[in-house]
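The next block holds one structure in the form of structure tokens; read it before the comments.
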Amino acid sequence: MRAFYQGAHFLTAAAKLEQAPEDIGREVAFAGRSNAGKSSAINALCHQKALARTSKTPGRTQQIIFFELDDERRLVDLPGYGYAKVAISVKQQWQQHLSHYLECRRSLAGLVIVMDIRHPLMDYDRQMLDWVRHRDLSILLLLTKADKLKKGPARAAQLAVERAVSADSDRISVECFSAPERLGVEAVQARLDQWLEVAV
């Protein structure tokens with residue numbers, strides 16, 4: 001168990017980028033469809049049960065949530081996309097804040113795009129990839145809920161996603177993940193270590 005991530009705690013919630021913490025240090029952001037298991041993944045990585053709010057109402061998180069690891073490092077929970085039953089005008093506002101964050105945040109060192117392994121690379125996931133392709137940003141495609149598939153189909157799904165992004169394989173990697181079974185936790189923590197420049 002990595003004590004560094006276990007020490008993560010809520011820092012602030014920002015409805016727009018101007019309310020975010022000072023843009024210094026390094027941070028890794030988590031994005032994904034509202035029902036992809038993003039909050040559960042963050043909680044599993046930080047060995048906590050309720051750090052990131054999980055909800056039976058997907059799309060409830062409408063702010064950018066910052067979790068502090070230490071004075072210079074943060075994890076960021078971006079608003080879930082593609083599912084919430086809200087007005088189109090609100091969705092457009094979320095997208096505006098998301099794109100502003102992804103394009104302008106200098107301390108952003110890496111992006112984790114969380115996808116249900118049974119439904120990867122849907123339209124909003126591809127849109128997220130398009131948003132960040134012009135930035136020199138490392139990306140991890142995290143295939144959650146891998147426990148819902150047997151090992152063979154899970155591996156096949158991972159290979160299919162890897163093929164789909166092979167043109168950007170130098171900066172996009174793919175990992176299977178299961179919060180209940182803690183599959184992939186150590187591998188993802190190792191990736192976060194690199195991005196956040198954590199001394200191991």
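With hydrogens and angles ignored, the 3.5 Å screen pairs no side-chain donor or acceptor of Asp193 with any backbone N or O of Val198. Side-chain N or O atoms of Gln189 include one that pairs as donor or acceptor with a backbone N or O of Leu45 at under 3.5 Å. Remark: the backbone N or O of Ala8 is paired with a side-chain donor or acceptor of Gln48 at under 3.5 angstrom. Side-chain atoms of Lys38 come within 3.5 Å of backbone atoms of Leu78 as a donor-acceptor pair (strictly under, hydrogens ignored). Looking at Ser178, its side chain never comes within 3.5 Å of a backbone N or O of Ala146 through a donor-acceptor pair. Side-chain atoms of Asn43 come within 3.5 Å of backbone N or O of Ala52 as a donor-acceptor pair. Counting only distance, with no hydrogens or angles, the side chain of Gln127 and the backbone of Asp123 share no donor-acceptor pair below 3.5 Å. In this structure, His9 contributes its side chain and Gly7 its backbone to a donor-acceptor pair below 3.5 Å. Looking at Asp70, its side chain does come within 3.5 Å of a backbone N or O of Arg73 through a donor-acceptor pair. When atom types are taken as modelled, the side chain of Ser39 and the backbone of Arg53 share a donor-acceptor pair closer than 3.5 angstrom.
A distance of 4.5 Å separates CG of Leu121 from CE of Met115, quoted to the nearest 0.5 Å. For the atom pair NZ of Lys145 and NE2 of His119, the computed distance is 8.0 Å after rounding to the nearest 0.5 Å. Taking CD from Gln158 and CG from Leu149, the interatomic distance works out to 12.0 Å, rounded to the nearest 0.5 Å. The SG atom of Cys176 lies 11.0 Å from the CG atom of Asp147; values are rounded to the nearest 0.5 Å. For the atom pair Leu143 CG and Phe177 CZ, the distance stands at 11.5 Å (nearest 0.5 Å). Atom CD1 in Ile64 sits 6.5 Å away from atom CG in Leu98 (nearest 0.5 Å).
Residues Ala36 and Asp116 come closest through the heavy atom pair CB-N, 4.0 Å. Listed here is the closest heavy atom pair of Leu137 and Ala109: CD1-C, 3.8 Å.
Counting only heavy atoms from C-beta outward, the side chains of Thr12 and Pro21 approach each other to under 4.5 Å. Side chains of Trp131 and Leu111 form no contact here, defined as non-hydrogen atoms less than 4.5 Å apart. Here the side chains of Phe10 and Glu68 are not in contact, with every heavy-atom distance at 4.5 Å or above. Using a 4.5 Å cut-off on side-chain heavy atoms (C-beta onward), Lys150 and Arg155 make no contact. A heavy-atom distance below 4.5 Å is not found between the side chains of Leu75 and Phe66. The closest side-chain heavy-atom distance from Ile42 to Asp77 is below 4.5 Å.
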inquiry  = Is there a side chain to side chain contact (heavy atoms under 4.5 Å, CB included) between Leu102 and Met128? Walk through the geometry before answering.
reply    = CA-CA 9 Å; Leu102 293 169; Met128 180 66 66; 3.2 Å; yes
message = Walk me through whether Leu142 and Val188 qualify under side chain to side chain contact (heavy atoms under 4.5 Å, CB included).
response = CA-CA 9 Å; Leu142 194 64; Val188 177; 3.6 Å; yes
ask   = Which is it for Leu11 and Phe67 under the side chain to side chain contact (heavy atoms under 4.5 Å, CB included) test, yes or no, and what are the steps along the way?
value = CA-CA 5 Å; Leu11 178 61; Phe67 302 108; 6.0 Å; no
Working for side chain to side chain contact (heavy atoms under 4.5 Å, CB included), residues Val76 and Phe30 = CA-CA 6 Å; Val76 185; Phe30 289 74; over 6 Å; no
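By the side chain to side chain donor-acceptor pair (under 3.5 Å) test, Arg135 is found to be paired with no residue, residues two or more places apart in sequence or in another chain being considered. Applying the side chain to side chain donor-acceptor pair (under 3.5 Å) test to Ser107 and every residue at least two apart in sequence or in another chain returns Asp23, Arg74, Arg105. Considering only residues two or more places apart in sequence or on other chains, Glu197 meets the salt bridge (Lys or Arg N to Asp or Glu O under 4.0 Å) condition with Arg26.
Cluster membership for Leu192 and Leu183, using ILVMFWY side-chain heavy atoms within less than 4.5 angstrom, is not shared.
Looking at Asp125 and Arg33, no side-chain N of the basic residue comes within less than 4.0 Å of a carboxylate O on the acidic one, giving no salt bridge.
For Asp130, the CG atom sits in a packed shell: over 12 heavy atoms of surrounding residues, nucleotides or ligands are nearer than 6.0 Å.
With respect to Val174, the side-chain contact (heavy atoms from CB on, under 4.5 Å) criterion is satisfied by exactly one of Ile139, Val161, Leu159: Val161.
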